[in-house]
> 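Let me begin by handing over the structure; questions about it come next.
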Amino acid sequence: MDTREVQKLFVSAGLKRLTKDLDALVRPSIRLVVTPADEATFQPGVSKFGGLPDLPADVSWPTWQGLPQSFIAQFRLQDVHSYDAAGVLPAQGMLWFFL
């Protein structure tokens, strides 16, 4: 979806007054599709949602206010690099998400 299509959606929703701000707000994104799988079949370091993260030995489990955070997902940047049309992500490495 490009900016013009987003503008049309805003106008049809009665939000025309906000279309002037779209250039500052709209950014390319990568849409993810999740397929259930058995984590026991995964090699360490693959992209995945849920389960246990493949943290390096020198990285502590994240905490907030003294409480351990829940693991959400990890993404091997090599897996998503070809979808990064804006080129904002590094080509190598890993992203871990906790909440």
Side-chain angles (χ1 to χ4, degrees):
M1 182 177 296
D2 65 18
T3 304
R4 212 174 301 181
E5 291 172 307
V6 174
Q7 286 175 335
K8 286 180 186 177
L9 289 172
F10 270 59
V11 170
S12 69
L15 301 171
K16 183 178 180 178
R17 69 188 184 286
L18 300 176
T19 58
K20 66 183 179 349
D21 300 318
L22 284 179
D23 286 341
L25 299 173
V26 175
R27 298 284 184 259
S29 64
I30 299 171
R31 184 169 298 209
L32 304 170
V33 177
V34 179
T35 303
D38 180 3
E39 185 178 12
T41 64
F42 294 167
Q43 294 293 320
V46 299
S47 296
K48 62 182 176 179
F49 277 90
L52 292 172
D54 300 318
L55 294 173
D58 62 337
V59 174
S60 300
W61 193 279
T63 62
W64 185 70
Q65 294 186 349
L67 298 172
Q69 297 298 283
S70 298
F71 173 64
I72 305 296
Q74 69 182 28
F75 298 106
R76 187 174 66 168
L77 291 170
Q78 189 176 333
D79 295 340
V80 297
H81 180 70
S82 63
Y83 302 105
D84 182 17
V88 297
L89 297 172
Q92 301 290 320
M94 185 76 79
L95 293 175
W96 291 276
F97 293 86
F98 291 83
L99 174 66

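Just so you know, these numbers come straight off a predicted model, no measurement behind them.
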> Quick check for you: to the nearest 0.5 Å, what is the distance between Arg4 atom CZ and Leu22 atom CG?
13.0 Å
> OG/Ser47 to CG/Asp54 distance, rounded to the nearest 0.5 angstrom?
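CG of Asp54 is found 10.0 Å from OG of Ser47.
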> My understanding is that only one of Phe75, Phe42, Phe71 makes a ring pair (Phe, Tyr, Trp, His ring centres under 6.0 Å) with Phe49; could you say which?
Phe75
> Taking only distance into account, with no hydrogens and no angle test, what donor-acceptor pairs under 3.5 Å do side-chain atoms of residues 83-99 form with protein atoms, sequence neighbours excluded?
residue, atom, partner, partner atom, Å
Asp84, OD1, Gly87, N, 3.2
Asp84, OD1, Val88, N, 3.3
Asp84, OD2, Val88, N, 3.0
Asp84, OD2, Leu89, N, 2.7
Trp96, NE1, Gln74, OE1, 3.1

> Suppose the criterion is salt bridge (charged side-chain N to carboxylate O under 4.0 Å, His left out): which pairs have a residue in residues 60-82, not counting sequence neighbours?
Arg76-Asp79
> Output side-chain donor-acceptor pairs under 3.5 Å for residues 9-19, partner residues at least two apart or in another chain, one line each.
residue, atom, partner, partner atom, Å
Ser12, OG, Lys8, O, 3.3
Ser12, OG, Leu9, O, 2.9
Thr19, OG1, Lys16, O, 2.8

> Give the cluster check for Ile72 versus Val80: same hydrophobic cluster or not, with ILVMFWY residues linked at side-chain heavy-atom distances below 4.5 Å.
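Ile72 and Val80: one cluster.
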> Give a yes or no on this: more than 12 heavy atoms of other residues, nucleotides or ligands lie within 6.0 Å of atom CH2 of Trp61.
yes
